[in-house]
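Down below is the structure, laid out as structure tokens.
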Amino acid sequence: MGSVKIENMTKTFGDFTALHDINLDIEEGEFFALLGPSGCGKTTTMRCIAGFENPSSGSIYIGNREVEKIPANRRNCGMVFQSYALFPHMNVFENVAYSLNIKELNASNPIKQMGIYTRLLTRRFGKYPVELKNKVMEILKYVELENHADRLTSELSGGQQQRVALARALVMEPAVLLMDEPLSNLDQKLRHSMRNTIRSIQQDLGITTIFVTHDQEEAMSMADRVAVMDKGHIVQIGTPTDLYSNPSTPFIANFVGTSNILKGTVEGEESGFTIVKGEGFLLRSSNKAKKQEVDVIIRPEHVKVEAADSVIDHAHTNVIEGTVIMSTYLGSIVRYDVQVGSYQLIVDTTYSSGANIFEEGKKVKLTVDHERVLLI
Amino acid sequence: MNRIKNSFSGLTVVKVLIYAFFGLFMLLPLFSVFVVSFTGEPTNLLGSLTDPAIFNSTLEKFKNISMDNYKRIFSGAGYFYALKNSLVLAFTVTIIIILICIPLAYGIARTKMPFKKTISALCMIPLIVPTFISAYAFIIMFGRAGWVTQIYNALGGEGMLLNPYSMAGVVAVQVFFFFPYALWPLVAAFKVSDISLEEASQNLGAKNWFTFIFVTFPLALPGVISSALLIFTVSFSDFGSPIVLAPKELNLLVVEAYREISGFFNWGGAAILTVVMVIVAAFFFYLQHLFTKGKNYGSVSGKPKQQKLIENKLLTRVLSGYSLIVVLIPVLAMLSVALQSVATTWGKDLLPSGYTLNHYKTIFSTSMGNIQNSIMLATGALVLSVIVATFVSYFVVRQNSAKLDFVASIPLVVPGIAFGIALIQTFNTAPLQLTGTAVLLIIAYTIRRLPYMVRSTMGSMRAIKQDIEEAAVNLGATPLTAAITIVGPLMLPGIAAGSVLVFITVIKEASVSILLAPPEWAPMSLAIFQNILRAEYYSAAAMSVVLVALVLILQGIANLIGKKQRL
């Protein structure tokens, strides 16, 4: 087990800088997600930790040990590949036993090594030492694949292949578990249950886990902390709730959940509220603005829709007038697209049966509480 | 490409050894040929490094360097015609073979066509037959007294259906006896391509033929292009069929080079012709490189896929019928040789005038040694080439070692005769006297046939995605251990396919054997060639039949071993 620390890491490929000055401090036993759109550098970061890439500058520490001089095969970072990378010529047992064979190989004299090579190449199931066999079966039991030990990996379903890949990484008792988009090859339903499986295994073993994903829902639901990356930079690090309620940039606000982002100008202060004016709206926010030109962030679920003729007390909430462009019924919620000035705001309202849905073209009043208007 | 930078000391040593092997046994002899093309007489470069006296005499020779040899040959019009004719021959053969092979390869790789196993098996036959034998077989069939000609005349045709003693004759022999070189790489290319891409195309509304032309074929294109390159150079440097069939007025580079050596001992002239051939072939290698670079066609990933074979009755039957016609012609040629081997005399009528087993008795009483020699030499070359080719593919595919790729492809462009001369000249004196030993013969065979092995292993290497290997490293294996335990076994089908090809081509190799084999190591092919030279056609035919039978048996054993493995 170990913590992972990255200091001032930069990675360039020729003229292209893939990573700019990355700093991470991941605690022992933490479930940490690297989240970002494709090409943001999250996979490169992971590959640097695993030792498949060498950082151009900066250092990586695993369990307080600088790993620059340690080759990939001695870093003890179990990795679950996006494609699983199961050995197609080996069965489930042999795939999982691979790292144990290698460990034994490295600890043996040349004559015994020949024996292990023979075992690896002829792949005789029965010739494994009992201890090794038990260890493999134990981990297979843990991922509920003990009945599939002698199957070829091509005969397994996607979810089973995923669990073989996980078992293969876990059996070596890695200091850190690395997972590269582990759920992207699974269907929706399986993804949901695998999410829980992975999370509970991680909690159970208390293993430091770094998890690369482009899916914010995946990152938010599984990780203790999330680092959001964009264009080779880390934009923000925080707990899921942190990122959601206090996004540091419009990019995060939009990437982590859905946001309405409006351009506004600070007009002044009035009884503790900041007054922001933009095209077609005037809003009060309990946020303090750090600059004159701000981005106004409003989450769709923080907006309420009222009929145009309803009377609302302006003192306690913001009121904006707009026109419904589209309404979409999504089961438990109704999503409205509302034209406000030159903006189209997305508004999610919870739907209870029998309630009135505003039709397209209808004038409405939108209300947002002062503390729900974020200024960045 | 992503490189695993640390800890490849073990692999680095292997890489150095492989470069040393190529340097000593291929580059140095070829450089010698280059030097000789200027000095006009043999030069002991290796000796110059160890012995000052030889060094001084080499210096003397260098002082006599002149362009005289080049001028003399460039002024002779015969040389230009030889180059032109060789190019026309190679182009024609390449285009015809690729066109013939595409449907055949598709049928074998992707359909359940009837007689598929028979067709695949029959496709091996052309590979077994040395080209001078196949050329001779075409004379038996299409010559003035050939049985095809007799049938053609009986049906009302005049003269010969195909004059074997012509450019067309050489083209026909090469097409029908070289097509398997292109076929197997094409089959492999069709097999590895991702079927879901084709299904995607069909799903988007494309008809089958449209999918084939715009999806399946482009995906197989790297295979098609490298096959075309292979055929071009094989045809360009083939020696057997031109030496038997080319009439006096049809000059071809290889024949010209052979005449310069064996007829006139003109080392300088032969050397120049070799240099020209290497330049031409290098140009085509560059073209191939241009076509295929920058495309990632890795198709076997850690996420396994199942491939479905086409069962459409009309399509499979048409493909099967077509394939049978293509493979039947070499089979008929070989049957003609077989018939000749048991004939007392044959030529006046459609069938031989009588039958006898005497030719075989002669062979088994006097030529057993040749058979043993062939097997031992081929086994030696096979083992050596498996080792070298596996590592070469690894360095080329995984470390993008284009230099090694080029070096390992050089043998393709060097005609056997020229390579033989280069080796003799380099190793016939101290410090490394190997001429006349089986070792040099095995090394020569290995280097000559290595490109086939490398192409075969490289194909399966490319199909193994990098992350499978990275997974092994991640699990604690050193890159060398990963290569042995993961990459090696996954490459087995490619290695097995390449091995069969190497073994067969070595057994039928003639040009290197003619120059390098000492009498006590004379293989079967040399014995056959000598029989043809001595006009002992019937014993040549009998020996050819034995050779073919031997290879068929070995092929059967290889198939049995292949079936026992899970892959």
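As a basis for the values below, the full set of heavy atoms in this structure was taken, side chains included, without hydrogen atoms, waters or symmetry mates. Every chain is numbered from 1, with letters handed out A, B, ... down the list of sequences.
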>> Just verifying a value: how many Å separate B/T481 OG1 and A/N101 CG, rounded to the nearest 0.5 Å?
In response: 11.5 Å
> So do the side chains of A/L121 and B/I484 get within less than 4.5 Å of each other, counting heavy atoms only?
Replying inline: yes
>> Rounded at 0.5 Å granularity, tell me how far CG in B/N474 sits from CZ in A/F81.
In response: 5.0 Å
> More than 12 heavy atoms of other residues, nucleotides or ligands under 6.0 Å from CD of A/E144: is that the case?
Replying inline: no
>> For a 4.5 angstrom cut-off between non-hydrogen side-chain atoms, does A/I102 reach B/L475?
In response: no
> Which atoms form the tightest heavy-atom contact between B/A482 and A/Y98, and what is the distance?
Replying inline: CA-OH, 4.0 Å
> Side chain, backbone, both or neither: which part of A/M79 has an atom under 4.5 Å from a heavy atom of chain B?
Replying inline: both
> Side-chain donor-acceptor pair under 3.5 Å between B/T478 and A/N73, yes or no?
Replying inline: no
> So how far is it from A/L86 CG to B/I468 CD1, rounded to the nearest 0.5 Å?
Replying inline: 8.0 Å
> After noting the C-alpha distance and the side-chain angles of B/T485 and A/F87, does the key distance pass the side chain to side chain contact (heavy atoms under 4.5 Å, CB included) rule?
Replying inline: CA-CA 10 Å; B/T485 57; A/F87 306 133; over 6 Å; no
> A/Q82 versus B/D467: any side-chain heavy-atom pair under 4.5 Å?
Replying inline: no
> Quick one: what part of A/L178 sits under 4.5 Å from any heavy atom of chain B, side chain, backbone, both or neither?
Replying inline: neither
> Checking A/N76 against chain B: side chain, backbone, both or neither under 4.5 Å from a heavy atom?
Replying inline: neither
